[in-house]
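Below, all heavy atoms of this structure are taken into account, side chains as well, without hydrogens, waters or symmetry copies.
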Amino acid sequence: MKKIDLVFRTVGERTSDAALELAVKNIQPQQVHIIENVKPFSKAVQQMLAINYDCDFVVFADADCLIFEDMVPFLQDNNLPYVDCYVLDQFRGHIHCGVHITRIDVVRTMQKIEIPEGDRQYVLRPESSTRNLALRQLNQGKAFKHFQIFHDFFQYYRDVFVKYVIRELRNRKGYLEAKLKVNQADWKKQSEDSKERDFIVANYAVNYSRKFIKGNPEEIEQLIADLPQIAIRELEKLNIAEKEALTLQQVLELSAKINPKKWQRSKRMKVFGIGLSRTGTKSLTEALNMLGINVVHYPNDETTLQELIAGNYEFSLLNSWDGITDITVAPYYAQLDKIYPDSKFILTVREKESWLKSIEAHWSKKPIFDDAPEEKSKMQLRRLLRSAVYGTYQFNADRLSYVYDLHYKNVLEYFRDRPDSLLVINICQGEGWDKLFPFFDFPVGCNEPFPYNKRKI
């Protein structure tokens with residue numbers, strides 16, 4: 001049986017007591033280490049890396065994460081070096097943050113990392129920066145896993161303010177900066193519809209950061225340390241009284257009212273991977289998620305199936321995700337472009353003969369009929385998409401060769417006057433960050449290797 005330690009980080013969040021109780025219940029750690037009221041977060045990271053662990057894995061969990069799913073079966077079966085957990089965030093939908101499953105060799109490598117002085121990335125993201133360097137030394141990458149975890153619900157207003165000042169500091173360039181402005185428009189609508197002041201405070205914090213916070217890493221680090229006091233002062237200006245403390249029972253009652261399917265988000269600035277199957281769409285999905293662009297690969301749920309049957313390309317899951325990849329969306333780029341303005345489209349390509357061999361091998365393992373009742377929806381979706389995309393259920397080299405060429409030609413023709421909207425990338429031949437970073441206007445450079453998935457197949 002694997003030994004699991006829990007490191008629980010709290011700075012007095014409103015959900016701290018409830019979050020700790022839920023984490024212990026659903027992780028079943030052999031030992032709990034509590035990092036309490038250590039600020040700024042860089043010092044908390046130093047403290048958690050000073051612990052002498054005697055375990056196989058460490059789960060690092062924040063007090064703003066409410067874990068409602070039994071994680072024990074996964075933890076006991078898992079051997080991956082690092083798993084980032086997807087959560088439902090009150091402000092941004094499905095994101096990966098707050099709960100991190102880390103193998104002990106990664107933790108020990110993190111303990112040995114020396115961070116350069118004046119590193120702005122470390123000041124803003126001390127834990128992920130250290131972990132990324134460790135994973136790179138070990139030549140390992142990230143994995144992602146979905147759990148029923150609620151993030152940033154029911155928090156104190158002062159904590160919302162602090163988080164969204166820091167969020168703005170982390171998103172000051174390119175796609176992420178523009179996306180944050182889209183989020184702000186969502187929050188404004190949410191605050192008008194629900195009268196929820198959390199969204200008012202988040203919006204105010206982002207605008208405050210843009211207006212007042214400048215400077216070098218040392219100045220920013222000091223400002224981050226001062227943010228709790230700044231938050232109290234700014235909330236007084238807004239005439240917003242702080243919330244009262246919460247009990248576990250209140251958290252359970254409030255959480256029961258959350259309906260993820262009703263999470264409404266803007267119909268702007270989505271990201272769609274419109275390459276055909278076996279062109280690196282899984283690698284693309286992982287890479288986008290690593291960049292903080294939360295996309296889902298080939299969703300095969302009943303709701304998506306029924307929406308495709310009805311010709312509804314808004315896709316409900318885009319209320320809480322940044323985009324979709326693979327053939328679920330590949331044939332519908334023109335419709336998606338109209339429904340979701342200012343979106344980015346990524347066409348993954350591959351040398352055709354290699355692609356045909358891969359498709360043939362892949363389809364031989366993927367039947368289109370299965371009598372098992374639990375497979376009914378998946379089989380329906382598979383047949384629907386093979387018909388829509390390829391015009392055939394079975395492998396036919398001539399037909400698939402024609403479809404490949406036609407899809408490539410049509411996509412390029414559709415976006416011919418909009419080079420900023422389309423990226424063509426050949427992941428199977430080694431293209432990766434060198435293409436994605438400029439496309440999203442990110443600073444060039446990444447401490448993590450590109451997640452090539454089954455590159456030789």
Side-chain angles (χ1 to χ4, degrees), residues 86-96 146 175-176 178-194 199 258-277 281 284-285 288-289 292-348 376-390 407 410-411 414-415 418 420-423 440:
Y86 266 101
V87 303
L88 179 65
D89 179 89
Q90 176 172 211
F91 301 94
R92 294 176 288 152
H94 282 99
I95 60 173
H96 51 90
H146 302 271
Y175 173 86
L176 293 180
K179 187 68 177 177
L180 184 57
K181 292 178 180 177
V182 171
N183 290 152
Q184 287 186 273
D186 290 345
W187 302 339
K188 184 177 180 181
K189 186 175 187 305
Q190 291 273 15
S191 65
E192 291 170 351
D193 292 347
S194 66
F199 300 107
I258 297 172
N259 184 354
K261 293 183 179 179
K262 291 186 177 180
W263 225 245
Q264 297 299 314
R265 300 181 74 189
S266 171
K267 285 184 167 56
R268 288 182 55 215
M269 292 196 70
K270 299 297 184 182
V271 176
F272 299 104
I274 56 173
L276 301 179
S277 307
T281 56
L284 173 66
T285 303
L288 291 172
N289 286 327
I293 302 169
N294 301 298
V295 300
V296 58
H297 177 266
Y298 189 77
N300 58 7
D301 57 284
E302 178 68 23
T303 299
T304 299
L305 169 63
Q306 294 305 322
E307 288 173 340
L308 283 168
I309 289 172
N312 175 9
Y313 306 121
E314 289 192 23
F315 294 110
S316 299
L317 57 81
L318 289 174
N319 284 329
S320 54
W321 292 89
D322 291 328
I324 304 172
T325 65
D326 208 81
I327 60 171
T328 309
V329 292
Y332 311 116
Y333 54 86
Q335 290 76 31
L336 293 166
D337 186 38
K338 291 179 174 63
I339 296 168
Y340 295 101
D342 306 315
S343 291
K344 297 278 194 179
F345 293 82
I346 302 174
L347 176 63
T348 44
K376 181 180 177 181
S377 291
K378 291 182 181 178
M379 293 300 108
Q380 280 186 275
L381 182 64
R382 186 173 294 167
R383 291 193 295 271
L384 186 155
L385 289 174
R386 283 197 189 178
S387 297
V389 178
Y390 302 111
H407 183 65
N410 286 346
V411 170
Y414 182 85
F415 290 103
R418 296 163 51 198
D420 292 341
S421 299
L422 176 69
L423 172 67
F440 289 103

With a 4.5 Å limit on heavy-atom distance, are the side chains of [X] and [Y] in contact?
X: Gln380; Y: Lys376; value: yes
X: Thr285; Y: Val296; value: no
X: Leu276; Y: Tyr390; value: yes
X: Leu317; Y: Asp301; value: yes
X: Phe440; Y: Leu288; value: yes
X: Lys189; Y: Phe199; value: no
X: Tyr414; Y: Leu422; value: no
X: Phe91; Y: Asn183; value: no

Distance, nearest 0.5 Å, that separates [atom1] of [X] from [atom2] of [Y]:
X: Ile346; Y: Ile293; atom1: CD1; atom2: CD1; answer: 7.0 Å
X: Gln306; Y: Asn312; atom1: CD; atom2: CG; answer: 11.0 Å
X: Arg382; Y: Leu384; atom1: CZ; atom2: CG; answer: 13.0 Å
X: Ile274; Y: Thr281; atom1: CD1; atom2: OG1; answer: 12.5 Å
X: Arg92; Y: Asp186; atom1: CZ; atom2: CG; answer: 12.5 Å
X: Phe272; Y: Asp337; atom1: CZ; atom2: CG; answer: 9.0 Å

| What are the two closest non-hydrogen atoms of Val329 and Gly273, and how far apart are they? |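 In terms of heavy atoms, the two residues are closest at CG2-O, 3.6 Å.
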| said: Give me the atom names and distance for the closest heavy-atom approach of Ala330 to Gly275. | reply: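 That closest heavy-atom pairing would be CB-O, 4.0 Å.
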Flag, side chain of [X] to backbone of [Y], donor-acceptor distance under 3.5 Å:
X: Lys378; Y: Asn300; value: no
X: Tyr175; Y: Met269; value: yes
X: Tyr340; Y: Glu314; value: yes
X: Asp326; Y: Thr328; value: no

| message | Go through it in stages, so that I can follow the logic: the residues are Phe315 and Ile339, the test is side-chain contact (heavy atoms from CB on, under 4.5 Å), and I'd like the CA-CA distance, side-chain angles, deciding distance and then a yes or no. | response | CA-CA 10 Å; Phe315 294 110; Ile339 296 168; over 6 Å; no
| said: Please evaluate residues Asn289 and His96 with respect to the criterion side-chain contact (heavy atoms from CB on, under 4.5 Å), reporting the C-alpha separation (whole Å), side-chain torsions for both, the decisive distance (0.1 Å), and the verdict. | reply: CA-CA 8 Å; Asn289 286 327; His96 51 90; 4.2 Å; yes
| Pair Leu385-Leu308, side-chain contact (heavy atoms from CB on, under 4.5 Å): steps then yes or no | CA-CA 9 Å; Leu385 289 174; Leu308 283 168; 4.1 Å; yes
| task | Would you tell me whether Ser316 and Thr303 have side-chain atoms, one donor and one acceptor, within less than 3.5 Å of each other? | result |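 The answer is no; no qualifying pair exists.
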| task | Might you work through the side-chain contact (heavy atoms from CB on, under 4.5 Å) test for Val411 and Phe345, ending with a clear yes or no? | result | CA-CA 10 Å; Val411 170; Phe345 293 82; over 6 Å; no
| said: If we check salt bridge (Lys or Arg N to Asp or Glu O under 4.0 Å) with Asp342, which of these qualifies: Arg268, Arg418, Lys270? | reply: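 Answer after filtering Arg268, Arg418, Lys270: Arg268.
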| request: Return the orientation label for the His94 and Trp321 ring planes: parallel under 30°, perpendicular over 60°, tilted otherwise. | output: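 Geometry flag for Trp321 against His94: parallel rings.
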| message | Would you call the rings of His407 and Tyr333 parallel, tilted or perpendicular, taking 30° and 60° as the class edges? | response |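 Rings of His407 and Tyr333: perpendicular, over 60°.
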